[in-house]
Amino acid sequence: MIRLATDVGGTFTDLVGYDERTGEVFTAKSLTTVDDQSEGVLSAIDMSEKKDGLRVRDVTFFAHGGTTVINAITERKGAKTALITTAGFRDVLEIGRGNRPDLYNLQFHSPEPFVPRHLRFEVRERVDASGRVVQPLELCDLRPIIRALEAEDVDAIAILFLHSYANPEHEATCADILADALPFATICTSHQVSRQWREYERSNTTVLNAYVQPIIQHYFERLEDSLTRRNLTCPYYAMQSNGGISSFDHVTKSPLTMVESGPAGGVAGAARIGAELGESEILSLDVGGTTAKCSLIHGNRPTLNAEYKLEHTRIEPGYPVQVPVVDIVEIGAGGGSIAWLDERGALRVGPESAGSNPGPACYGRGGTKPTLSDALLTLGIFDPATFAGGTMVLQKDKAAAAIATIAKPLNLSIEDAAQAIVDIAHATMINALKLVTVQRGHDPRDVSLLISGGAGPAMASSLGRELQAKSIIVPPHPGIFSAWGMLAAEPRADFRETWFSQLQGDALLKAKARFAQMEQEAIAYFAAGSNADIRFNYQIEARYKGQEHGVFAQFADGFTIEDFRQSFHDVHERAYSFRLANAEIELTTLHLEAVLKGKTISLSKIKAEGLSEAASRTGERSVYFGHHGGWQSCSVYDRAKLPLNETMAGPLLIEETTATTLVLSGQTVTVTDTGILVIREQEALAI
């Protein structure tokens, strides 16, 4: 009865297993195999078998997440894809939107479409916004298209007709004809991926889903085959971007739901830890090997991004995606992020990463460029002998040699250059954390900061101090926390559809009736029967009349017009800092969140026998605290032997297999009954 999860990251592949009968936990961390990620998964399983005695035959549940989808998109290694759309809309992908993030950039150009123009085809048909057929589908238009698709040897076909969210009949007919004529290609229709309006956003979503569908199909087939050959035969689940899990079969049909699969696992885990501590407001930060990801859990629930855009930056509009994605801000500042000097001689960190091969210089695998991990080692925070449980001995001399390449031009000592690298990474992370709090209308002083990832706990105390967070939380197994979070996630599905109405009369009664129909769709999706324990959450997107975009506000059974009006005003004011109390309100989209109750990983209470400060203390280590703090001696402790519910004052270091936590002077740390580290400022305790 072992529940097993693996998470493929840019640098490491992580594994967590949990025996439901004994409470035993299995862990492993192997280098990611870029060419075939399933090899890294099997390697992690092998390591856990040898190290912890993982019993593969006892595995009854397997969850998997990672970077397969996002890598295929960002590296442009997806399938050769064609688009069939309504006549007159062939160039929607190219035209995009008129809004430009960098208004005065004269060199601006729209993002390159994932489907080139010669593979975009038009068919005569038309359905209006109410679903009424204005012009029947001209089937004769498909004959030359089929011949062209055969000649081009396309792997995937996206079908998107105008207003098919209101009436998918034409799309379904077209898909049936193409499936018979082109059995070698996968076919993706827009109404199966998104039932929302806005043809540009829906076009991008459908095309990207088609673009990665053959990739994820082949990958899951290969992974399932490898797991079966290892006698790991059980239900297989994938981590979705909405913070829930779904079967491999469901995700294969809508692979774009895995676009932020790995980070979403960490967010699900953060919500679980918050519930354990009774904290409903959690700010989650996962500092991995390649990137750092942050997200806000509000009211015990992950926050979804209603307008998620791939590759969006300050000057690039990115690619909009209409699938539910946890609101995650991701930055190129991880343990493997490379420090470099720009053309003006200013120090930068990331976004380029040393990855798993060759990795940071201290790994001794051929890397020569300085990274954040090299800096943390040079400052004394990481112990070269105990890193990763002693399975990977770090080379401090190679880290110093790499940092020297930037220290000399900056006229800094090696340790000051290392501190500068950490300071810049720190500032980048603070900016990202403020994006999901301050810029979303939330005060970071009202949240607890949960930090995970291999490099995260080393920087947790300084980040929490600058944000003035209520507390700083380091969960169990922080270096493999995204995998742990996948065992804390439950099966989930989100249903969104465009639905227009004025907020008046019987509008909410009609919305309630439509939600009831969507509930039946959710029951069918889970195939768990009408008596299944499914939690439903209802939201309606609304806007002031005359606005282009809206916000999602909570809706519940029994809501009156005035109840929903107040709910909408509150959300709008938090998002945009104003409300129009007397303005008319329009409803635009219904969103049903369905979560099937399932088993999740437990946080068992730790036996206090043999645990004490003296038993956990393993020695002393000098840590460099910058030019003003200098080198200071810090006590080093083994996390597994720390006493429970006792307050210990910093500065100190807490080591474990997957991470090292630094507690600063003026802070205290406590271990809860379930093994969670909670760090607080001493001044806060005195209040």
Side-chain angles (χ1 to χ4, degrees), residues 99 101-103 243 260 263-264 266-267 270-271 273-274 277 279-287 291-309 312-318 325-334 349-351 422-453 456 459-473 539 547 549-554 567-579 664 667 679-681 683-684 687:
N99 49 334
D102 192 10
L103 186 61
E260 292 286 2
V267 176
I273 295 293
L277 295 175
E279 296 284 353
S280 62
E281 308 296 308
I282 297 286
L283 180 57
S284 168
L285 175 66
D286 178 6
V287 185
T291 60
K293 288 82 64 177
C294 54
S295 186
L296 180 69
I297 288 98
H298 177 56
N300 291 122
R301 297 172 57 250
T303 305
L304 294 185
N305 187 344
E307 296 181 351
Y308 177 78
K309 295 184 178 77
H312 174 75
T313 68
R314 184 180 60 82
I315 60 174
E316 294 291 338
V325 178
V326 170
D327 187 12
I328 295 173
V329 172
E330 187 166 351
I331 54 173
V349 178
V422 173
D423 288 344
I424 289 173
H426 170 103
T428 305
M429 293 175 194
I430 286 292
N431 287 337
L433 290 166
K434 288 182 177 179
L435 279 175
V436 295
T437 52
V438 177
Q439 291 200 20
R440 304 287 198 273
H442 300 276
D443 191 335
R445 293 171 296 185
D446 296 333
V447 305
S448 291
L449 177 63
L450 185 147
I451 296 195
S452 59
M459 305 179 69
S461 294
S462 59
L463 291 168
R465 174 170 285 179
E466 181 163 343
L467 287 173
Q468 300 181 52
K470 286 170 58 180
S471 62
I472 303 155
I473 302 167
Q539 289 184 318
Q547 284 184 319
H549 294 276
V551 294
F552 279 97
Q554 204 68 28
S567 176
F568 167 74
H569 284 320
D570 291 344
V571 174
H572 190 280
E573 185 172 25
R574 185 167 64 244
Y576 298 112
S577 74
F578 75 92
R579 64 172 66 201
L664 300 175
Q667 293 178 329
I679 302 169
R680 291 188 174 90
E681 297 292 335
E683 295 84 353
I687 295 175

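Keep in mind that this is a model prediction, so the values were computed, not measured.
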Undergrad: Please find the pair of heavy atoms, one from Ile328 and one from Pro263, that lie closest to each other, and give the distance.
TA: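 Closest pair (atom of Ile328, atom of Pro263, distance): CD1-CB, 3.5 Å.
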Undergrad: Do any N or O atoms from the side chain of Ser567 and from the backbone of Gln554 form a donor-acceptor pair under 3.5 angstrom?
TA: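 Checking the backbone N and O of Gln554 against the side chain of Ser567, a donor-acceptor pair under 3.5 Å is found.
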Undergrad: Can a donor-acceptor pair be found, under 3.5 Å and without considering hydrogens, that links the side chain of Arg440 to the backbone of Leu435?
TA: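 Judged by distance alone, yes, a pair lies under 3.5 Å.
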Undergrad: State the OG-CG distance between Ser462 and Leu664, to the nearest 0.5 angstrom.
TA: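 Reported to 0.5 Å precision, the distance equals 6.0 Å.
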Undergrad: Looking only at heavy atoms, what is the nearest atom pair of Ser284 and Ile297, with distance?
TA: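 Nearest heavy atoms, Ser284 then Ile297: CB-CD1, 4.2 Å.
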Undergrad: State, to 0.1 Å, how close Arg445 and Leu467 come at their nearest heavy-atom pair, and which atoms those are.
TA: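 Of all heavy-atom pairs spanning Arg445 and Leu467, the closest is CG-O, 3.9 Å.
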Undergrad: Closest approach of Leu285 and Ala292, non-hydrogen atoms and distance?
TA: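 In this case the closest contact between Leu285 and Ala292 is CD1-CB, 4.2 Å.
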Undergrad: Is a side-chain N or O of Ser295 found less than 3.5 angstrom from the main chain of Asp327, in a donor-acceptor match?
TA: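 Confirmed, Ser295 side chain pairs with Asp327 backbone.
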Undergrad: Is there a side-chain contact between Leu304 and Val326 in this structure, where contact means two heavy atoms from C-beta onward sitting under 4.5 Å apart?
TA: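 A side-chain contact exists here, since the closest heavy-atom pair is under 4.5 Å.
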Undergrad: Tell me whether Gln667 contacts the main-chain N or O of Ser461 through its side chain, where contact means a donor paired with an acceptor under 3.5 Å.
TA: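 Yes; judged by distance alone, with no hydrogens or angles, the pair exists.
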Undergrad: Let me confirm one number: the CG-CZ distance from Leu449 to Arg465, rounded to the nearest 0.5 Å.
TA: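 The CG atom of Leu449 sits 13.5 Å away from the CZ atom of Arg465.
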Undergrad: How many angstroms lie between atom CD of Glu573 and atom CZ of Arg579, to the nearest 0.5 angstrom?
TA: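 One gets 4.5 Å once the value is rounded to the nearest 0.5 Å.
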Undergrad: Got a second to check how far Lys434's NZ is from Glu466's CD, nearest 0.5 Å?
TA: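 Going from the NZ atom of Lys434 to the CD atom of Glu466 covers 6.0 Å.
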Undergrad: Which atom names give the shortest non-hydrogen contact between Leu450 and Ile282, and what distance separates them?
TA: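 Shortest heavy-atom contact: CB-CG2, 3.9 Å.
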Undergrad: Using a strict threshold of under 4.0 Å (side-chain N to carboxylate O), is an ion pair present between Lys470 and Glu281?
TA: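 No.
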Undergrad: Indicate the atoms forming the closest heavy-atom contact of Val447 with Pro444, along with that distance.
TA: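 Here Val447 and Pro444 meet closest at CG2-O, 3.1 Å.
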Undergrad: Answer yes or no: are there more than 12 heavy-atom neighbours, outside Lys309 itself, under 6.0 Å from its atom NZ?
TA: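 Enclosed: over 12 neighbouring heavy atoms sit under 6.0 Å from NZ of Lys309.
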Undergrad: Quick one: pull up NE2 in His569 and CZ in Arg574 and give me the separation to the nearest 0.5 Å.
TA: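 Atom-to-atom, His569:NE2 and Arg574:CZ are 14.5 Å apart.
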Undergrad: What's the separation between atom NE2 in His298 and atom NE2 in His442, rounded to the nearest 0.5 Å?
TA: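 Separation between the atoms: 5.0 Å.
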